[in-house]
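What follows is a single structure, written as C-alpha cells, with notes after it.
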Amino acid sequence: MSVRTLRIDGRDVASADDATVLEAARDAGVVIPTLCHLEGLSPVAACRLCLVEIEGSAKLQPACITPVSEGMVVHTATPRLQEIRRTVIELLFTEGNHVCAVCVANGHCELQDRAVEVGMDHARLPYRFPDRPVDLSHPRFGLDHNRCILCSRCVRVCDEVEGAHVWDVAWRGEHCRIIAGLDQPWGAVDACTDCGKCVMVCPTGALFHKGDSEGEKHEDPSRLAALLRARHARQEAP
Amino acid sequence: MSLAAKLPKLRLATVWLAGCSGCHMSFLDLDEWLIELAPRIEMVFSPIASDTKTYPEAVDVALVEGGVGNSDNLALIYQVRQRSRLLVSFGDCAITANVPGLRNPLAGPAAVLDRSYLELADGSAQWPHAPGLVPELLERVLPVHELVPVDLFLPGCPPPAERIRAVLDALLRGEQPLMEGPEMIRFG
Amino acid sequence: MATASAPFAALEPLLLRHHSRADALIEVLHGAQQCYGHLSDPLLRHVAERLQLPLSRVKGTASFYHLFRFQPPARHRCVVCTGTACQIQGAPALIAAMEEDLGLKLGARRGDGWVSLSEVRCLGTCSDAPLVQIDDSIGRQQTVAGLRRWLQELEP
Amino acid sequence: MSGLRYCASAGCLARGSGALMEALNTAISRGELGDQIQLRPVGCLGPCSQGPLLALDPDGDLYAGVDPQDAETLVAALARRLHQSSDQATPLEWAPARGQRLDLSEPFFQRQRRIVLEHCGLIDPTDLEQAIAVGAYGQLERVLQGWSPEQVVTELQRSGLRGRGGAGYPTGLKWATVARMPGARKVVVCNADEGDPGAFMDRAVLEGDPHRVLEGMAIAAYAVGADHGFIYIRAEYELAIERLRLAIEQAVDRGRLGAGLFGTGFGFTLELRVGAGAYVCGEETALIASIEGKRGTPRPRPPYPAERGVGGRPTLINNVETFANVAPILREGADWFAAIGSAGSSGTKVFSLTGHVRRGGLVEVPMGTSLATVVLEMGEGSPHGSAVKAVQTGGPSGGCVPADQLDTPLDYESLQALGTIMGSGGMVVLDQSTDMVALAAYFMAFCREESCGKCVPCRAGTVQLHGLLEKILAGQASHADLDQLETLGAMVMDTSLCGLGQSAPKPMLSTLRYFRGEYLARLEAP
C-alpha cells in the first residue's frame, strides 16, 4: 500500500491510496456530514450530503465513494456546499413526517443532528405531510415509515452482514418504501432472525425497539464497524 | 434608576395558535428572570399575561406559538403580521406544524372530525357544530411561515427557557440573535 | 422438478430456458404476468423460490416497474397516451373526460373490475396524436366527443 | 413486374395499413396478373402523419392516405399497364379516391439524406434474404475476414461518429476504451429503451431494418472483444420486439449470429431483454441493473460500464441509431462519413418530427441542417394558420428553442449552447397556443414520476419543483416562489446522482430563459 498526499480545506493530508476522500478527511479531522454512509456497509452515495468540490472537476463528487488521488485539492465546506446540504436536509424533513417532539430517537437522531449542523432553523420548502403507515407486527421491533429517509442502511446490513435480506426498497420515486418480504407485515416474514441490526444502524427513529418511548432510542450505529472488525480479527486468527 | 428603565419599553406580544401552550409554559420557566424582564417590556397581548382580547397595533415583537389550524388562527396570524414589527415563530408547532400537524396526512377536516368525534367517541358521537362559536378547521395545519413572512425562528418542543432568554436578551439589546448550534436550533 | 399438476407449471419452460438464473427475474416476471394475468403473492413467492432470490428482492424489483400488476387487470383497460405530442394536442382534456365518464381517477381501477384508467408515456406513433388505447384498439387523433361515444360502446 | 410496398410500422398499422394490405392481396389474387405484382410489408416510409403509406415500384411513387377501397382500381391500373407494354416507365394512370400521390420533389423528401434509414421502407423487415440482398451482414463478413479489431476501432474513431442516444460521446473512443479492458468475456449492449415522450426513431429502425442493428452490434463485439450481447428494449414497442426476436432467430439460423461466424473463430450470441416501464433505465448503469434483473436504479460512475458493466464484465453500450451507422461507415469509409454533416458532428441524425407541424414523421438529415429547414421547410410549419412558437428537443432532458432561433444548426454543441440537447431525436413543434409553463410542469411531472427514488435531490426535489410549478399555474405563487424554483432547480441539477435528476430541471429552466414573461404573468401581485 502506498500513500497519497492531497489537500483538504487547505490542510495537507496523507492517506492510503485506497482511501476515499471521506476517510482521508476524517483521518485529518475534517468532518463531512453523511447520512446514508455507514462504515461496514457498501456505499450507495444516495443522500448527497457528502458532496465536495474537487478542483479541476466541474461536477460535485460524493466523498464517500470518490477515491483519493495524488495532488487532489478538495473543498468540503464552501458556501455553495453548505447551501446544498441545508437543502438536502430540508428535502428530507419535508418529504416525511419527522416530528422530533414525539420521536423515539429524539436527541439521538442523525437527521436531527444534521439539521442542527446545516443550520436549519426552519424548512424553506413546504411540508408534504404524506400518509404513511407504521408496522408494529414484529414482536420486538417497530417500523415507522413516517420517519424513514430511505438511506437503505437496514437493507444493506440485513443483506451484507446478517445475510437474511429481509428488507428491500420497493416502488419508485416519491413512492419508494422499505418493505419486508413480499411487502408483508414484518412479523410475518420468516427470513427475519430478530437480530436487530437494522434497528441498530437506522439513523432516525424509523426502526426502533418496541417499548421505547420518546427520546429513548439510544442506538450507536458505529457498533457495526466494531462488530465487523471483531469478526474479521477472529477469522484472521490462526 | 437602572439603565433599562430609561430605554423605551419593548412592546411584546405572545400569541397562542394551534399548539399545546407548552411554549408559553417554557416562557414561564424563565422564573426569576421574568422579574428582570418585566420592567424592560410592555406585555401588550398574551394568553398568560394580558386580558386584552384584540391584537393591538404597533407591537415590537410577537412570539407566535402554534401552527395555523383553524379559521380563527388564520385571521389572527394575518393581523399579527400586519401589526408587528418582528414576528417570531415560537416553537416547533409554529415552524413545522409539529404535533397538531399529525392530522395533516388524514384527508381533510371531515376525516379528522370523523376520527376524533365519531370513531373514537365513547358516547353521544357527533361533530361539534356551532357556527360563529367553534372555528372551522382548515384543510391542513400549516407552519406560520407558509402563510406570512416570519422574521425569526425559535425551534424546540418546547424551546428551553434558556433558548428563549438568549433570544429575548439579544432582541432587548437591539441585536439579531445568533440562531445556530444545538443550544439554539435543535427541533424536538 | 415441477410436474404439470404443480402450481404455476406454465412457467416451467421459461424458467428452464433461463436456467433459473437470477438475472432473468424481469423476463420471468413478464412471463408470469402473461400466463396468470397479474403477479399474486403466491406467484411471486414461487418465482422467488425457483430463482433462489429473497422475497423482498423480488417484490422490490417487480414494484419498481410500471408494467407489473399486483391485482387482476380490469376487463377493459383505457390508456391515454401522455407523450409530449399527445400532451400538447389535447391529452389533458381526454383524461378529464374519461375521469368524469368513468367516475375514476387516472391510475385507478373500478372496484368491480369493469374498467381501469391509466396513462402511458408515449406509444411512439406521435403523428396521430392525441392517442387513446382501449383494450387492443388504438384511437387516433382522438376528440373528446369521439372518445365519449367510444366509452359508451364498452361492454359492461 | 410491379412492386407495392406498404408501410407496416406501428404508425401506419394504426392508420389501417393492415386492412389496406388485405384488400390489395384480395385484389391481386383475383386479378390475372397476380404473379407479376409483388406486395410486401416494409418499414417506415417517412411522412407518418399522412399514412397509411404505399410505395410503387419501379416508379418510386409514394401514395398517402390510401384507402382499402382503392385497392381494386390500383390493381386494375397496374394490370392494365403490365398488359399494355413491357415498358414499366409508363406513368401509372391511377389516383386514389381519397388519398394522394405525394410530390417527392418537396423539401420533406429532398432535404433528407438516408444513411441509417437507407433500407428502411425498401425491404421486408421480416425477410432476412431481402436484407442480405441489400448488403446486410456484408460488412461483418468483410471485417471478420480481413480486419483486425484495432482497425475497426480506428475506422470508427476516424469517422467522428458520436453517440446518438443523446449525450454525443464519441463512439470510437468508447469502443477503444472497452477494447483496452482486460478479459475475454465482454458484453455489448444495445440501448433500445427509447423513452423520451415524442420520440420514435429507434422504433422505426427496429421495425424497418432490424438486421442492420444486429450487424452493428456484432461488428462492435468483434472490435471490443465481446462474445455476448443484449438488446434492452422498452416493452411498449411490441411490434419492434416481435421483429427483433424474429430477426435474431433468422440470423442464428443463417449463421450470421452464433459461434464461428463466417468460418472464423469469432462468435457472438445475442439476448433480448424487455424493459417493464421505467424511463430511468435509459441511463447506462440503470439499464445494466435492469438487465441483471434488478431494480433499475443508477449507481455512481466510476466505475464506468466500460470497466464494470453487466455481470461485472466490461460492457459497451450504444444506442440503436449508433449501431445502425456502423455498417455504412465501414462500407463507405470513415472519410465519407466524416464529410457528411458539420464539423464536430459528422453523419446524419434521424428525428421524429411531431406536434403542431403540418407534415410530421421520420426524417433523416445531415447534422448541421438548421432547425428551420426541418421544421418550416420539411415540416411546412404549424397547421391551422398558427405560427411556430418553439421547438422542443431532447424530451424531458432537453429544452425549447424559441422561434427566433430556428436558424440554429442541428449539432450537439449548438443545441447545448441554447440550453437544450440533441437528445435521441425527438422534435416536438409547439405553436402559439402552447402554454410554456404548463409544458414545463408536464416535463417535471414526468421526471417526478420516473425518478427512481434513490438519491434525495431527484426523489424529493422533483416533487417540490413540480409543486412550485403547479402553484404558479394556479396563480397562487409569489416572486419568492419563482426564486425558489430557480434555486432548487439548480440544486437538483448539481447534486443528483444520475442524468435523470441532473437534467430534470432543464425544460423548466429553458422555458424560463425564453418565455419568462409567461411565468411572471401568472405570479400574484406583490
Side-chain angles (χ1 to χ4, degrees), chain A residues 31 33 77 79 82-83 85-86 89-134 144-148 174-175 177 204-205 213-218, chain B residues 19-20 22-23 26 64 67-68 87-108 111-112 115 138-147 149-160 163 167 176-188:
Chain A
V31 177
Q82 284 168 336
E83 173 57 29
R85 287 176 193 148
R86 174 160 175 182
I89 296 296
E90 284 185 30
L91 286 169
L92 286 172
F93 265 93
T94 52
E95 83 166 341
N97 295 308
H98 298 282
V99 186
C100 300
V102 290
C103 180
V104 286
N106 190 13
H108 307 93
C109 168
E110 292 181 47
L111 181 65
Q112 198 181 23
D113 291 345
R114 292 301 92 81
V116 171
E117 287 159 21
V118 302
M120 182 183 126
D121 59 356
H122 76 290
R124 297 161 297 183
L125 297 161
Y127 285 89
R128 310 270 324 147
F129 300 114
D131 187 10
R132 295 183 181 175
V134 179
D144 184 347
H145 289 284
N146 292 287
R147 295 169 179 150
C148 175
E174 64 191 294
H175 306 292
R177 192 155 46 80
T204 70
S213 69
E214 190 267 309
E216 289 183 349
K217 184 188 175 194
H218 291 215
Chain B
C20 71
C23 299
S26 193
V64 179
V68 181
L87 194 162
V88 182
S89 270
F90 180 33
D92 285 358
C93 293
I95 302 175
T96 73
N98 204 30
V99 174
L102 288 172
R103 80 157 162 93
N104 289 352
L106 293 173
V112 175
R115 180 78 182 140
L138 302 181
E139 199 60 26
R140 281 177 164 187
V141 182
L142 290 176
V144 172
H145 67 271
E146 288 193 26
L147 290 160
V150 167
D151 305 298
L152 189 71
F153 297 90
L154 174 47
C157 183
R163 195 180 288 178
V167 165
Q176 183 73 14
L178 188 61
M179 303 306 289
E180 61 176 44
E183 285 72 34
M184 294 306 284
I185 58 167
R186 184 185 284 276
F187 290 99

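Convention: sequence-line order gives letters A, B, ...; per-chain numbering from 1. Worth saying up front: this structure is predicted, and the values here are computed from it rather than measured.
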Taking side chain as everything from C-beta outward and backbone as N, CA, C, O, which of these in [X] sits under 4.5 Å from a heavy atom of chain A? Side chain, backbone, both or neither.
X      : result
B/L102 : side chain
B/V141 : backbone
B/E146 : side chain
B/A97  : side chain
B/P143 : side chain
B/P182 : both

- Message: Counting heavy-atom pairs closer than 4.5 Å to chain B, which one of A/V99, A/D121, A/N146 comes out on top?
- Response: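 Of A/V99, A/D121, A/N146, A/D121 has the most heavy-atom pairs under 4.5 Å with chain B.
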[X], part contacting chain B, at a heavy-atom distance under 4.5 Å:
X      : value
A/R132 : neither
A/P130 : backbone
A/N106 : side chain

- Would you say A/E216's side chain and A/S213's backbone share a donor-acceptor pair under 3.5 angstrom?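 Between the backbone of A/S213 and the side chain of A/E216 there is a qualifying donor-acceptor contact (under 3.5 Å).
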- Query: Does the separation of the ring centres of B/H145 and B/F153 fall below 6.0 angstrom?
  - Reply: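 Distance test on ring centres: under 6.0 Å, yes.
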- Salt bridge flag under 4.0 Å for residues A/R124 and A/E83: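 Yes, A/R124 and A/E83 are salt-bridged.
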Within-4.5 Å side-chain heavy-atom neighbours: [X] and [Y]:
X      : Y      : value
B/M184 : B/L178 : no
A/P33  : A/V118 : no
A/H98  : A/L111 : yes
A/C103 : A/R147 : yes

